[in-house]
Structure formats: C-alpha cells, structure tokens
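Whatever order the structure lists them in is the order used to number ligands and atoms, beginning at 1.
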Amino acid sequence: AQICDFFEAHEGSPIHQLSAKHGMDSSELPGGDLDIPFGYGELISRLAQPLVDDGTIRLGHKVVSVETSSPRKHSKSVASEVMVRCEISDGDEQVFRASSCIVALPLGVLRSGLDPSHSNGPLFSPGLPGSVSDAINNLGINVMNKLELTFDSRWWPRGLGWLDIGSSLPGRSPTYHPFSLFLVESEATPSKPEAPNVLVCYLTGEFAKRAEQWTDAEAQEECMEAIRRADFPAMEGSAGEVPDPTGVHMTRWLSDPFSKGSWTFLAKNSGLLSMKTFRKDKECQKRGLFFAGEHTCDGSRKGLDIGTVHGAWLSGEVAAKRVVGSN
Ligand SMILES: Cc1cc2nc3c(=O)[nH]c(=O)nc-3n(C[C@H](O)[C@H](O)[C@H](O)COP(=O)(O)OP(=O)(O)OC[C@H]3O[C@@H](n4cnc5c(N)ncnc54)[C@H](O)[C@@H]3O)c2cc1C
C-alpha cells in the first residue's frame with residue numbers, strides 16, 4: 001500500500017492507470033533546492049510582468065478557436081496563416097493572425113477542444129491530424145489538488161516539514177488516499193512571528209476528483225476530522241489540541257476550464273512517442289502550428305521532462321527555435 005501511495009502521490013493518478021514502463025523518468029538538474037519567498041507564483045509573476053506591461057502577454061484573452069489554412073499536398077514550403085480567435089469579455093472577441101502559432105494550452109484543454117460537443121465548437125479548424133489527436137487522447141491527465149489551511153497558531157511541532165496520515169480505508173485502499181500528506185508551507189517562528197501558519201494537504205487521484213465536488217467549508221470539515229482522528233496532539237512538541245483553521249482554500253484543477261487536469265502522465269497505452277508527436281508532426285508544422293507545454297516533453301534532451309515547470313519552459317524555447325527555423 002505504501003508503494004502505491006508513493007507512486008500515486010507523485011503521479012496524481014491511480015496506480016492501475018499508470019504505464020509500468022514509464023513514470024518517475026525526470027532528469028536531475030544541476031543546482032541545489034531553493035525556497036521561493038511568497039511562493040512559486042512570485043517567480044512567474046516577476047518573469048511575466050514586464051511582458052504584460054509591454055502588451056506581449058495579453059491577459060483576459062480566452063482562446064476559443066485556432067484556424068489554419070490546410071497544407072498544400074506535396075509542398076515543402078507553403079505560406080501558412082493561423083487565425084486565433086479570442087473571447088475578451090462578454091460577447092467581445094479579438095482575432096490574431098500570424099504565419100505561425102505556438103499552442104501552449106494544457107492537455108486537458110486540448111482534449112476538451114477535440115470534443116465535437118465543446119461549447120465553442122471544435123478548438124482546431126480544420127481538425128488536428130490523427131496522430132496528434134491520438135496523442136491528446138492517449139496520454140493520461142492526472143488530478144492533484146491542494147487544500148490550504150491557515151491557523152492562528154502553530155499546533156504541530158516546530159520545524160516538522162510534513163505530516164503523513166496512513167490512509168488505508170477498508171474496501172478502498174490502496175488506490176484511494178483521503179488526506180494523507182500535509183506539507184508545512186509556512187509557520188511563525190521567534191524570528192518571523194508574523195509568518196502565517198499554513199498546512200497544505202495534497203489530494204491526489206480519485207480522491208482529488210471527489211473532493212472537487214465539495215465546497216471549501218465541506219473540505220475543511222472532512223479534513224479536520226481526519227487530522228483530529230490521527231491524534232497529532234499526542235506527538236512530542238504538539239499543542240494540546242488542534243484548533244479550527246481561520247482560512248481555507250482548495251484548488252479544483254480538473255473543473256477549472258483553463259486547466260482541466262493537473263499535469264500529464266504516461267498512461268498504460270501511451271509512450272514517449274505521444275509527446276514527440278506534438279513536437280514533430282509535419283502536417284501541423286506546414287499549417288504553422290507548433291506545440292509547447294509540459295505534455296510535449298519527451299525527455300529527448302536534458303530537462304525536457306513531462307509534468308514539470310522546467311520542462312514546460314524548455315519546450316517553449318524548443319518550439320520558438322523551430323518557428324524561427326521554419327520561416
Ligand atoms: C499540485 C501541483 C504540484 C506540482 N508540483 C510540481 C513540482 O513540484 N515541480 C514541477 O516542476 N512541476 C510541478 N507541477 C506541474 C507544473 O505545474 C506543470 O507541469 C506546469 O505548470 C505546466 O506548464 P504549462 O505551461 O505546460 O501549462 P500551464 O502552467 O497549465 O499553463 C497553461 C496556460 O494556458 C492558459 N489557458 C488555458 N486555457 C486557455 C484558453 N482557452 N485561452 C487562453 N489561455 C488558456 C492557462 O490559464 C495557463 O496559464 C505541479 C502541478 C500541480 C497541479
């Protein structure tokens with residue numbers, strides 16, 4: 001059960017859906033670990049802000065369709081035109097035209113865009129080549145959510161790092177892990193008395209899907225019940241009792257229309273070829289379509305790791321070089 005727990009927590013998916021051949025394939029990058037003050041979002045905001053300020057990144061533009069001119073048969077070079085239609089506010093839209101486009105939409109959004117009953121119609125027109133839509137459908141999309149709980153005072157032993165609750169449930173385990181892993185995201189210390197006391201509970205796989213249906217208040221109630229059942233106050237250095245949190249927030253990456261899942265995993269019937277297809281499909285390239293994002297990372301170079309931030313970043317650089325090379 002512990003091995004299942006470990007893989008499922010890492011991959012965010014029930015073990016019976018994971019490819020036995022792949023998984024945990026990431027390369028090790030040089031350099032040590034760093035803590036980013038105020039969280040990871042701070043890094044992204046700082047990198048993106050200058051581009052938002054100069055208008056290169058347009059926030060509030062929801063891509064609703066990507067239209068391309070069909071490639072001419074047997075033609076090696078054809079002037080492609082890509083037309084990207086965006087919804088910007090109620091009813092308003094803006095259209096962007098270019099000779100090439102790097103599509104960095106997440107895999108879940110791409111998959112829902114293939115669905116003919118999609119609210120805005122198909123995302124790609126004409127439809128994507130079969131090999132690319134197969135890759136979109138065959139790769140796995142996992143669910144990992146965070147339930148963040150803020151407490152007025154720290155009740156866990158100082159400097160703990162994380163808390164684990166054995167998650168075996170009669171009839172449910174080993175592929176169902178309610179409230180098993182908590183990270184101490186922040187805690188007040190004598191040198192930082194103003195720091196908030198925050199525990200983040202990682203919810204994975206089938207349990208994460210179920211939890212998305214709860215309100216934040218319901219999730220808090222269920223989670224606090226699990227924490228109290230675990231009898232943490234018995235730990236050395238714990239406060240006598242666990243207080244109620246003063247703040248709660250849960251992510252819902254599967255229901256979020258801008259993610260529709262957390263990240264990609266290699267499911268039973270998929271392999272590295274599925275990711276390579278995104279980067280190498282010739283028909284897409286003739287149409288001026290290039291793909292980037294964590295789901296396009298096939299490990300073919302160091303750092304091009306599926307399901308990671310650095311992989312997503314590198315895939316963007318690789319795609320940009322291809323666009324430059326194709327023009
Ligand atoms: C809980 C959790 C923990 C993780 N931990 C780690 C970790 O420790 N290390 C690590 O390396 N990775 C981690 N990851 C994975 C990492 O976050 C992803 O691999 C990475 O963010 C993927 O980047 P991306 O650019 O491919 O996709 P995204 O970050 O999803 O970016 C896609 C962008 O497209 C936008 N978008 C979606 N639809 C539309 C639309 N229709 N129109 C316009 N824009 C749209 C979205 O808003 C988003 O900004 C974690 C993920 C989760 C959920």
Note the single closest protein heavy atom to [atom], along with its residue, its atom name and the distance in Å.
atom                    : value
atom 21 (O) of ligand 1 : Val309 CG2, 4.3 Å
atom 48 (C) of ligand 1 : Phe258 O, 4.5 Å
atom 34 (O) of ligand 1 : Pro106 CD, 3.8 Å
atom 23 (O) of ligand 1 : Ala312 CB, 3.4 Å
atom 41 (N) of ligand 1 : Val63 O, 3.1 Å
atom 45 (C) of ligand 1 : Leu105 CD2, 3.6 Å
atom 51 (C) of ligand 1 : Trp263 CE3, 3.4 Å
atom 14 (N) of ligand 1 : Gly307 O, 4.1 Å

Do any N/O atoms on Val109 end up under 3.5 angstrom from N/O atoms on ligand 1?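 Between Val109 and ligand 1 (N or O atoms, distance only) the closest approach is not under 3.5 Å.
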Does an N or O anywhere in Glu294 fall below 3.5 Å from an N or O of ligand 1?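 Yes: some nitrogen or oxygen of Glu294 is under 3.5 Å from one in ligand 1.
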Can you tell me if [X] has over 12 outside heavy atoms packed within less than 6.0 Å of its [atom1]?
X      : atom1 : value
Arg228 : CZ    : yes
Lys302 : NZ    : yes
Glu194 : CD    : yes
Glu218 : CD    : yes

Given that the side chain starts at C-beta and the backbone is N, CA, C, O, which of these parts of His295 lies under 4.0 Å from ligand 1, counting heavy atoms, or is it both or neither?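 Contact part for His295 vs ligand 1: neither.
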Give the contacting part of Cys86 toward ligand 1: side chain, backbone, both or neither, where contact means a heavy-atom distance below 4.0 Å.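 Neither; nothing of Cys86 gets under 4.0 Å from ligand 1.
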Can a non-hydrogen atom of Ser259 be found less than 4.0 Å from any atom of ligand 1?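 No; Ser259 lies far enough from ligand 1 that no heavy-atom distance drops under 4.0 Å.
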With heavy atoms of [X] as the reference, note each atom of ligand 1 found under 4.0 Å away.
X      : value
Ser262 : 53 (C)
Ala104 : 32 (C)
Lys62  : 41 (N), 42 (N)
His61  : 42 (N), 43 (C)
Gly293 : 26 (O)
Trp253 : 53 (C)

Pair Gln220-Trp214, side-chain donor/acceptor within less than 3.5 Å: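 Side-chain D/A pair, Gln220 to Trp214: absent.
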Does the side chain of Asn138 pick up a donor-acceptor pair with the side chain of Ser274 at under 3.5 Å?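 No, Ser274 and Asn138 have no side-chain donor paired with an acceptor closer than 3.5 Å.
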Under 4.0 Å between a Lys/Arg side-chain N and an Asp/Glu carboxylate O for [X] and [Y]?
X      : Y      : result
Glu67  : Arg85  : yes
Asp281 : Lys276 : no
Lys209 : Glu206 : yes
Glu283 : Arg287 : yes

Do Ser89 and Asp92 come within less than 4.5 Å of each other through their side chains, counting heavy atoms only?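 Ser89 vs Asp92: side chains touch.
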Looking at Phe151, Phe182, Trp162, which one forms a side chain to side chain contact (heavy atoms under 4.5 Å, CB included) with Trp156?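 Testing each of Phe151, Phe182, Trp162 against Trp156, the sole residue satisfying side chain to side chain contact (heavy atoms under 4.5 Å, CB included) is Phe151.
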Counting only non-hydrogen atoms of the protein, does one fall under 4.0 Å from [atom]?
atom                    : value
atom 7 (C) of ligand 1  : no
atom 31 (O) of ligand 1 : no
atom 27 (O) of ligand 1 : no
atom 12 (N) of ligand 1 : yes

Compare every heavy atom of Glu187 with every heavy atom of Arg154, then report the nearest pair and how far apart it is.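 Closest heavy-atom pair between Arg154 and Glu187: CD-OE1, 3.3 Å.
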Picking from Glu93, Glu87, Gln94, what satisfies side-chain hydrogen bond (donor to acceptor under 3.5 Å, both in side chains) with His61?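 Among Glu93, Glu87, Gln94, the one that satisfies the side-chain hydrogen bond (donor to acceptor under 3.5 Å, both in side chains) with His61 is Gln94.
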